[in-house]
Amino acid sequence: MTAAFGPAARAEHHALSVEDVVPAAPGDTRGLTVFYAAFGLVLAGYLFGMTTYQLAPRLEYRHRMASLALFGVVGGVVVTAVAGGPGFGALPGPFLPLALVVALMGAAVGATTMVLLRVFGAAGVSLASILMLILGNSTSGGIMPPAYLPAWLRPLSEILPVGVGVRAMEGLSRFQDDGLTQALVILPLWVVGAALVLYLKDVFRRGGTARADAQGEPHPALG
C-alpha cells in the first residue's frame with residue numbers, strides 16, 4: 001500500500017500516514033501462518049487417509065473411525081499449540097476454537113481421501129490429491145483472497161474443507177470469528193458423509209455378503 005500510494009502522495013505534496021487496522025501477529029508479519037498451518041495438516045490428512053487402507057485394509061470400521069478421530073484431535077491440538085504458542089505467536093485467536101476447526105479440517109480431508117480410495121481404488125489417490133491438495137489449497141484464500149480467483153474456482157473456497165477451515169482460522173485470529181459458523185456446519189458434514197459411505201462399503205456390504213455365505217447363496221466375488 002505504501003509503495004502504491006507513496007509516489008502519488010509525494011507528487012501532490014501530501015504526507016502519507018499509514019494505519020494498520022488489523023495488524024498481523026508479531027510472529028507472522030506477512031500473514032501466511034494460517035495457510036501453511038492448514039497446508040501442513042491437509043497434507044498429513046491426505047497421507048493418513050491414503051495409508052490407512054494401504055497398511056491396514058482389514059481394519060474394523062470402528063477402529064478406523066477411532067483412528068481418524070484421534071488423528072484429527074492430535075493434529076488440531078499440535079498445530080494450534082505450535083503455531084499459536086509462545087514460540088511463534090502467529091495464531092492470536094482462542095486456542096480451543098482454533099484447535100477444533102483445525103481438527104475438523106484434518107479429519108475431513110482424511111475421511112474424504114479414505115472414501116475416494118475405497119470407491120475408486122488406486123485412482124482415488126490421484127483424485128484426492130487433485131481435490132484436496134491442488135484445488136483445495138489453491139482456492140483456500142490463505143495466499144490470495146477468493147475474490148481474486150477465476151469465477152469458476154471461487155465457489156470451491158466455500159465448499160472444500162481447506163477453504164472453509166482457512167477462513168474460520170483467519171476469522172478467529174483477526175476478523176471477529178468470520179467463517180466460524182460455516183466451518184462448524186460444513187466440516188462435520190464432510191466427516192459424517194465420508195463416514196457414512198465407508199460404513200456402507202465396509203460394514204453394510206460385508207454384512208450382506210456374510211449373510212449370503214451363511215445361507216449358501218451365491219454372490220459375486222469382491223475385489
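Each of Leu156, Ile159, Ile134, Val162 was scored for a side-chain contact (heavy atoms from CB on, under 4.5 Å) with Thr139, with one residue passing: Leu156. Of the residues listed (Leu184, Val73, Leu187), the one engaging Leu100 in a side-chain contact (heavy atoms from CB on, under 4.5 Å) is Leu184, and it is the only one. Shown are Val197, Asp202, Val203; of these, the side-chain contact (heavy atoms from CB on, under 4.5 Å) with Tyr199 is made only by Val203.
Annotation for Phe5: atom CZ does not count as buried by contact number, only 12 or fewer foreign heavy atoms lying within 6.0 Å.
Looking at Thr112, its side chain never comes within 3.5 Å of a backbone N or O of Val109 through a donor-acceptor pair. A donor-acceptor pair under 3.5 Å links the side-chain atoms of Ser140 to the main chain of Asn137, judged by distance alone. Gln182 places a side-chain N or O within donor-acceptor distance of the main-chain N or O of Glu158, the cut-off being under 3.5 Å.
To the nearest 0.5 Å, the span separating CG on Leu133 from CG on Leu43 amounts to 6.0 Å. Taking CG from Leu131 and OH from Tyr46, the interatomic distance works out to 11.5 Å, rounded to the nearest 0.5 Å. Atom CZ of residue Arg118 and atom CG of residue Leu200 lie 11.0 Å apart, to the nearest 0.5 angstrom. Residue Ser126 holds its OG atom at 10.5 Å from CG of Leu116, rounded to the nearest 0.5 Å. Of the inter-residue distances, the one linking Arg62 atom CZ with Met65 atom CE reads 13.0 Å to the nearest 0.5 angstrom. The CG atom of Leu135 lies 11.5 Å from the OG atom of Ser157; values are rounded to the nearest 0.5 Å.
Shown here for Met50 and Thr113, the closest heavy-atom pair between the two residues is N-CG2, 3.7 Å. Closest heavy-atom contact between Met132 and Pro161: CE-CD, 4.0 Å. Considering all non-hydrogen atoms of both residues, Thr2 and Pro7 come closest at O-CD, 4.2 Å. Nearest heavy-atom pair, Val166 versus Ala38, reported as atom, atom and distance to 0.1 Å: CG2-CB, 3.6 Å. In terms of heavy atoms, Pro146 sits closest to Gly141 at CD-CA, 3.9 Å. Of all non-hydrogen atoms in Ala183 and Pro188, the two that sit nearest each other are O-CD, 3.4 Å.
Residues Met114 and Leu68 are in side-chain contact: their nearest non-hydrogen atoms beyond the backbone lie under 4.5 Å apart.
In this structure, Phe48 and Phe71 have parallel ring planes: the angle between them is below the 30° cut-off, well short of the 60° mark.
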Can you check side-chain contact (heavy atoms from CB on, under 4.5 Å) on Val125 and Phe120, steps first, answer last? CA-CA 8 Å; Val125 176; Phe120 297 103; over 6 Å; no
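Within the cation-pi definition used here (under 6.0 Å to the ring centroid, within 45° of the axis), Arg64 qualifies as a partner of Tyr53.
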